[in-house]
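As a basis for the values below, the full set of heavy atoms in this structure was taken, side chains included, without hydrogen atoms, waters or symmetry mates.
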Amino acid sequence: MRVPSRRPGRPGSSATAGGPVRAARSTATRPDLDAYRAAVTELLVEVRALADEHSAAARQSLLTDRLGEPALADVLRATPQGVTGARETLLLEMARYRPNARSSAADLTALVRIYLLSRIDVMWWATASTYLTDDQIQRDTNLVDLDRLRRRGLLRFRYRRQPGTLLGRAVRVAQRRIVPHQVPRTAGLRVRYARPEPVALLNQIAAEFALAAPAGTPPLWVTSLTRSLEHQYRLRQLGYAAMLPSSHCLGWAVDVEMHWFRRFGAAEALANVLLGRQDAGEVNVVDEGQAWHLCVAPEAAPRLRGAYRGELGEC
């Protein structure tokens, strides 16, 4: 059964929502992402050794030196902030960092990893328009309605919505107390609209995961999709490691639950599926602890859009 976009044929609010997808740079000049990720891994070893509160000056000197090296600088230079802006933003994030139960960054090393790996997203989608408000997301007619797709049985993954009332939040709290591990511990999606491409990607990953995971493992669980910039700032105020800029605010990123699947012995299988997609150049993967962050690569977007048309509906 085919399910179209909410109102096909009308332009959306995002620059790349309804037209051809364009990468920020040509593939001929694209930095070496394998070298970048390897350099980030090496840098994290040094950051971890300087993680105490008395090593702030040494950390700053380290980042100033290392972020200027070609393997790292080639990616950061391709972002709107450039190398200097990325370095100053990272130093500011580190200065503001306070460990808390909500943050996906368990420590300073995790914060640096999440920030630097998420810059690949920023480089890829440097020219995409940001969703500034929740209302802007809801009015973009090029996005698809997840609830509608779910009602038609067309989604292979699971998610839940954030409760919108005090009663709904009270019920959610009660459910967590009565059956604490029945579903992942996550707030849920704030808005139910997404680009067709990430939806197709998630359906494909869910199918692969179902084949690779042990018998009895629940389906893939999605914890976050499209976010507005106003919501991203709200998350930051609450203590989450919500980076800026973020590909969530462009509609190209998703977060999938990882920690909960350890209960079923399936976390390794899911990690292998996700990293396999990264090795194929289709996504950027960031380990954020409880959930893993995925961003669609520009080169993969046309194929995923075609997959959505063929399997789920016109868009």
Side-chain angles (χ1 to χ4, degrees), residues 31-79 81-123 185-186 223-224 232-248 253 255-260 262 267-268 270-271 274-275 278 284-295:
D32 185 337
L33 297 186
D34 289 337
Y36 179 79
R37 293 183 178 112
V40 169
T41 300
E42 293 175 3
L43 175 59
L44 294 178
V45 175
E46 298 177 77
V47 171
R48 186 173 290 108
L50 299 172
D52 63 277
E53 60 181 327
H54 305 295
S55 299
R59 288 196 300 269
Q60 180 172 345
S61 178
L62 169 68
L63 291 172
T64 298
D65 291 342
R66 293 297 302 276
L67 296 186
E69 294 177 357
L72 293 170
D74 284 352
V75 169
L76 300 179
R77 191 179 297 114
T79 66
Q81 286 185 305
V83 177
T84 300
R87 182 185 67 242
E88 295 305 313
T89 299
L90 176 55
L91 290 172
L92 184 59
E93 293 283 357
M94 294 173 71
R96 290 176 172 174
Y97 174 74
R98 298 293 182 274
N100 68 85
R102 286 174 168 165
S103 178
S104 56
D107 52 31
L108 274 177
T109 304
L111 180 76
V112 173
R113 182 186 71 248
I114 292 169
Y115 178 83
L116 288 178
L117 292 180
S118 69
R119 298 310 90 184
I120 294 174
D121 303 4
V122 175
M123 176 192 70
R185 189 177 181 85
T186 176
T223 63
S224 183
Q232 192 79 349
Y233 277 115
R234 189 179 301 117
L235 292 174
R236 289 172 64 83
Q237 292 170 355
L238 292 172
Y240 292 93
M243 298 301 173
L244 294 170
S246 169
S247 51
H248 281 287
D255 292 342
V256 298
E257 176 68 25
M258 180 63 73
H259 179 77
W260 184 62
R262 293 176 186 154
E268 183 177 356
L270 178 54
L274 301 182
L275 293 174
Q278 177 171 276
N284 181 43
V285 176
V286 184
D287 175 355
E288 295 188 347
Q290 177 183 342
W292 281 27
H293 168 98
L294 313 176
C295 178

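When all heavy atoms are compared, the tightest approach of Leu76 to Ala86 is CD2-CB, 4.0 Å. Nearest heavy atoms, Asp255 versus Ala291: CB-CB, 4.3 Å. Taking all atoms of both residues into account, the shortest heavy-atom contact from Ile114 to Val286 is CA-CG1, 3.9 Å.
With sequence neighbours excluded, the residues that form a side-chain hydrogen bond (donor to acceptor under 3.5 Å, both in side chains) with Asp287 are Trp292. For the salt bridge (charged side-chain N to carboxylate O under 4.0 Å, His left out) test, residues two or more places apart in sequence or in another chain that qualify with Glu69 are Arg66. Here Gln290 pairs with Glu257 under the side-chain hydrogen bond (donor to acceptor under 3.5 Å, both in side chains) rule; sequence neighbours left out.
Counting heavy-atom neighbours within 6.0 Å of Glu88 CD, excluding the residue itself, gives a total above 12.
Rounded to the nearest 0.5 Å, atoms OH (Tyr115) and CG (Leu244) are 9.5 Å apart.
For the pair Met258/Glu288, no side-chain contact is recorded, criterion being any heavy-atom separation below 4.5 Å from C-beta on.
The list of salt bridge (charged side-chain N to carboxylate O under 4.0 Å, His left out) pairs with a residue in residues 232-243, not counting sequence neighbours, reads Glu93-Arg236. The side chain to side chain donor-acceptor pair (under 3.5 Å) contacts involving residues 100-113 comprise nothing, where partners must be two or more places apart or lie in separate chains. Applying the side chain to side chain donor-acceptor pair (under 3.5 Å) test to pairs two or more places apart or on separate chains, those with a residue in residues 52-62 are Asp52-Ser55.
Thr79 places no side-chain N or O within donor-acceptor distance of the main-chain N or O of Val75, the cut-off being under 3.5 Å. Between the Tyr97 side chain and the Ala105 main chain, a donor and an acceptor come within less than 3.5 Å of each other.
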Next item on the list: Step by step, work out the side-chain contact (heavy atoms from CB on, under 4.5 Å) result for Leu117 and Val40.
Entry: CA-CA 8 Å; Leu117 292 180; Val40 169; 4.2 Å; yes
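Of the options Asp121, Thr223, Asn284, a side-chain hydrogen bond (donor to acceptor under 3.5 Å, both in side chains) to His293 is made by Asp121 and by none of the others.
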